[in-house]
Amino acid sequence: MIYVIMGVSGCGKTTLGAFLSHKLGWPLHEGDDFHPRENVDKMARGEPLTDQDRLPWLLKLHDVIQRERSSGGDAIMVCSALRRLYRQVLLFGSEALTYSSDTAGLHMCSLPGVWFLFLYGTYDLIHARMVARRGHFMQPGLLRSQFDVLEPPAEEEKALLLDIRRSTDDICREIQEHLRQLS
């Protein structure tokens with residue numbers, strides 16, 4: 001099983017990923033660690049990333065998912081995966097770019113053993129969290145651009161929707177129950 005924890009910046013992806021990794025004993029792949037320096041610098045300056053900026057990064061993360069799937073192991077990946085196209089690139093690599101229209105790409109919605117965990121909350125709640133945190137390159141001023149780009153996962157994308165008003169413990173219990181149901 002591979003869980004991709006997704007959502008806008010500040011929603012708690014890294015916190016949940018670390019907690020879940022510890023609880024399940026699964027390796028954690030933090031998507032931010034795979035950004036090229038140019039992307040980090042751009043976000044630190046308060047400039048939103050473009051699709052062109054994101055594509056090489058998403059393809060690197062796709063390679064990590066493929067490597068984990070090939071090894072037969074379980075893993076957790078943290079990645080914003082804001083748009084459907086980004087999630088398809090994570091799953092199918094550059095092949096997803098061939099099927100970028102909604103109608104042509106409908107058959108490319110999910111992969112066996114890969115689920116998205118969508119952490120969602122209101123702009124105000126997440127903005128308050130971002131303003132309070134220290135030491136992260138993502139500027140709170142960019143949050144609006146992430147909400148503008150966000151395409152919540154559709155039903156056929158195999159996603160568990162998780163409200164961030166709940167505690168990390170409570171969310172983790174729901175994920176563990178999800179795992180039990182899939183076994």
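The figures here come from the full heavy-atom set of this structure, side chains too, leaving out hydrogens, waters and symmetry mates.
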* Tyr123 six-ring centre to Arg144 NZ/CZ under 6.0 Å and within 45° of normal ->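 Yes, a cation-pi geometry holds between Arg144 and Tyr123.
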* **Connected via hydrophobic side-chain network under 4.5 Å: Met6 and Phe19** =>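 No, separate clusters.
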* Transitive ILVMFWY side-chain link Met1 to Ile175, under 4.5 Å ->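 Yes, because Met1 and Ile175 connect within a single hydrophobic cluster, where side-chain heavy atoms sit under 4.5 Å apart.
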* Tyr3 and His178 aromatic ring geometry - parallel, tilted or perpendicular at 30°/60° bounds ->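 Because their plane-to-plane angle lies in the 30° to 60° range, the rings of His178 and Tyr3 count as tilted.
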[X] to [Y] - nearest heavy-atom pair and separation:
X      : Y     : value
Val78  : Gly17 : CG2-CA, 4.3 Å
Cys172 : Leu20 : SG-CD1, 3.4 Å
Leu61  : Met77 : O-CE, 3.5 Å

* To do: With rounding to the nearest 0.5 Å, note down the distance linking NE2 in His35 to NZ in Lys42.
  =>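 One gets 11.5 Å once the value is rounded to the nearest 0.5 Å.
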* Asked: Roughly how far, to the nearest 0.5 Å, is CD of Glu38 from CE of Met43?
  ->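 Answer for the CE-CD pair, Met43 versus Glu38, is 11.0 Å.
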In plain terms, say whether [X] and [Y] are close enough for a salt bridge, that is, a side-chain N and a carboxylate O under 4.0 Å apart.
X      : Y      : answer
Arg37  : Asp41  : yes
Arg166 : Glu174 : yes
Arg84  : Glu151 : no

* Classify the side-chain pair Glu30/Thr14 by whether it contains a donor and acceptor separated by less than 3.5 Å. =>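 A donor-acceptor contact under 3.5 Å links the two side chains.
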* Within a strict 4.5 Å, meaning less than it, do heavy atoms of the Ile76 and His29 side chains meet? ->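 Sidechains of His29 and Ile76: no contact.
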